[in-house]
Number of protein chains: 2
Amino acid sequence: MDDFLIEIEYAGLHSRIKRLSDALLYSTRDFYKSEGLDIEPNWNLVFLLLQKQGTMTITEISEKLQFSHPAVVKIINKMKKKGYIDTQTDEEDSRKQLLSLSQKALDKLPVFEMYWEAGIKTTKDLLDDSPDFVEQLKNIEEKLNRENYKERTLRNLTNK
Amino acid sequence: MDDFLIEIEYAGLHSRIKRLSDALLYSTRDFYKSEGLDIEPNWNLVFLLLQKQGTMTITEISEKLQFSHPAVVKIINKMKKKGYIDTQTDEEDSRKQLLSLSQKALDKLPVFEMYWEAGIKTTKDLLDDSPDFVEQLKNIEEKLNRENYKERTLRNLTNK
DNA sequence: TACATTTGCGTAACCAGTTACATATTTTAC
DNA sequence: GTAAAATATGTAACTGGTTACGCAAATGTA
């Protein structure tokens, strides 16, 4: 090989994870574009959520995905612009925007699902000789939920 | 729990990897800031490279890290602004900028290394009950190097 | 030797996330 | 019933990556 980030072992791990994440993201976007699909990465998450729940607010979605709410606002605004999302203000709480899938979204869903399925198939293929990856990723997520990287590292510093 | 991205299994994996990558990145930045360190994530990679190689060009660094060259330009410009990088133009090829660590960088290195070591310790702790994670990450990287996500997914689409 | 190609690097525009701040509305507490 | 606190959402500014484009210098080739 000759991949410096791998060479330096633990010192390169964060950057490798970012590199992987970016590669998947850009490649997914490229995939949708090359197939002429009017969707973007992450929209599948919103489709899935709204399909399941019917109607949700920005805050509910951001909690479910564990994204910041401005991130969700951005995603939803784009989806609205493409006509996939209907909104109405909650009658009992006028601050809340009730979001749901538009008719156009429902119509296109079967086609989108075909493409998303192909992506899932790819993900499974990528993992088929790494049977513990997902589980061990979950270990890491849980540890970081209990105590984040900064706190842990401060602790490691003072315990030198 | 109640983490939707985990619930939906393979459909949420890319976003989980991004979420993890972001969490590490932001937490690292926060860590440096809270300790009053004048450094940013990724700079350790440049320090390591230049320490090992003495002098490198933008292009060489971008190849080593497998980052795009504009990404490296941005990192180096920031490091220059803080006085950590000396540059001189190559006498044989005036397009090339020869980059090296400044005296200030060399002076501060021992302190920085102490902090980076604490980070590596954290990373090891995060992985200590996930002994296969790094190796299986490498499997994935290698697969994607051979054929990227888009190509794989196009193939999975037509082979339905 | 001159012209076409390649290379190095800088800049602009984009992208998907973040934090910080603002505002309007609702809820709580006295 | 009103003031204070909390909540929902929007917006601005930042970050760290990308691709696309441009230009100057070097290299290859007829």
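Numbers restart at 1 for each chain; the letters A, B, ... are given by sequence-line order, proteins then strands. Side-chain atoms are counted along with the backbone in the values below, which use heavy atoms only and exclude waters and symmetry mates.
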How many Å lie between CG on A:Leu25 and C1' on C:dC14, as a whole number? 12 Å
Starting at the 5' end of nucleotides 19-25 of chain C, put B wherever the base has a protein heavy atom under 4.0 Å, S where only the sugar-phosphate does, and a dash everywhere else. BB---BB
Round to the nearest Å and state the distance from A:Asp30 atom CG to D:dG17 atom C1'. 16 Å
Just checking, any donor-acceptor pair under 3.5 angstrom between side chains of A:Thr122 and B:Asn156? yes
Taking salt bridge (charged side-chain N to carboxylate O under 4.0 Å, His left out) as the cut-off, I'd like each qualifying pair that reaches into residues 60-69 of chain A, sequence neighbours left out, listed once. A:Lys64-B:Asp2
Considering only heavy side-chain atoms of A:Ile58, the closest of D:dT18, D:dT9, C:dG10 is D:dT9
Distance-only polar pair, side chains of B:Thr123 and A:His14, donor-acceptor under 3.5 Å: yes
Could you verify whether a donor N or O on one side chain and an acceptor N or O on the other, from A:Gln97 and A:Asp90, lie under 3.5 Å apart? no
Below 4.0 angstrom from OP1 or OP2 of C:dA16, is there any side-chain N or O of A:Lys78? yes
On the nucleotide C:dG17, are OP1 or OP2 found under 4.0 Å from the side-chain N or O atoms that A:Asn42 carries? yes
Tell me the interatomic distance from A:Glu60, atom CD, to D:dT9, atom P, rounded to whole angstroms. 8 Å
Per nearest nucleotide of DNA chain C, the residue lying toward the 5' end, A:Glu91 or A:Glu40, is A:Glu40
Stepwise side chain to side chain donor-acceptor pair (under 3.5 Å) test for B:Gln103 and B:Asp107: CA-CA 6 Å; B:Gln103 189 55 49; B:Asp107 292 344; 3.0 Å; yes
Report yes if the distance between the aromatic ring centroids of A:Tyr84 and A:Phe112 is under 6.0 Å, otherwise no. yes
Judged by each residue's nearest nucleotide on DNA chain D, which is more toward the 5′ side, A:Asn77 or A:Ser15? A:Asn77
Length of the line joining A:Tyr32:OH and C:dA16:P, which is rounded to integer Å: 12 Å
Whether over 12 other heavy atoms sit under 6.0 Å from B:Lys104 NZ: yes
Rounded distance (Å) that lies between atom P of D:dG16 and atom CD1 of B:Ile39: 12 Å
Measure the distance from CZ on B:Arg19 to P on C:dT18 and round it to the nearest whole Å. 10 Å
D:dT18, OP1 or OP2 - any side-chain N/O from B:Lys74 closer than 4.0 Å? no
Can you list the steps and then say if A:Asn145 with A:Glu141 is a side chain to side chain donor-acceptor pair (under 3.5 Å)? CA-CA 6 Å; A:Asn145 281 340; A:Glu141 292 169 329; over 6 Å; no
Can you tell which of D:dT9, D:dG17, C:dC9 lies closest to the side chain of A:Lys18? D:dG17
Can you measure A:Ile76 atom CD1 to D:dA8 atom P for me and round it to whole angstrom units? 16 Å
B:Lys96 atom NZ is separated from D:dC23 atom P, nearest whole Å, by 23 Å
Given ring pair (Phe, Tyr, Trp, His ring centres under 6.0 Å), test B:Phe31 with A:Tyr149 step by step and report yes or no. CA-CA 8 Å; B:Phe31 169 68; A:Tyr149 180 83; 7.1 Å; no
Polar side chain donor-acceptor pair, B:Asp86 to B:Ser100, under 3.5 angstrom: no
Between the first and last five pairs of the helix from C:dT1-D:dA30 to C:dC30-D:dG1, the angle of the axes, rounded to 10 degrees: 10°
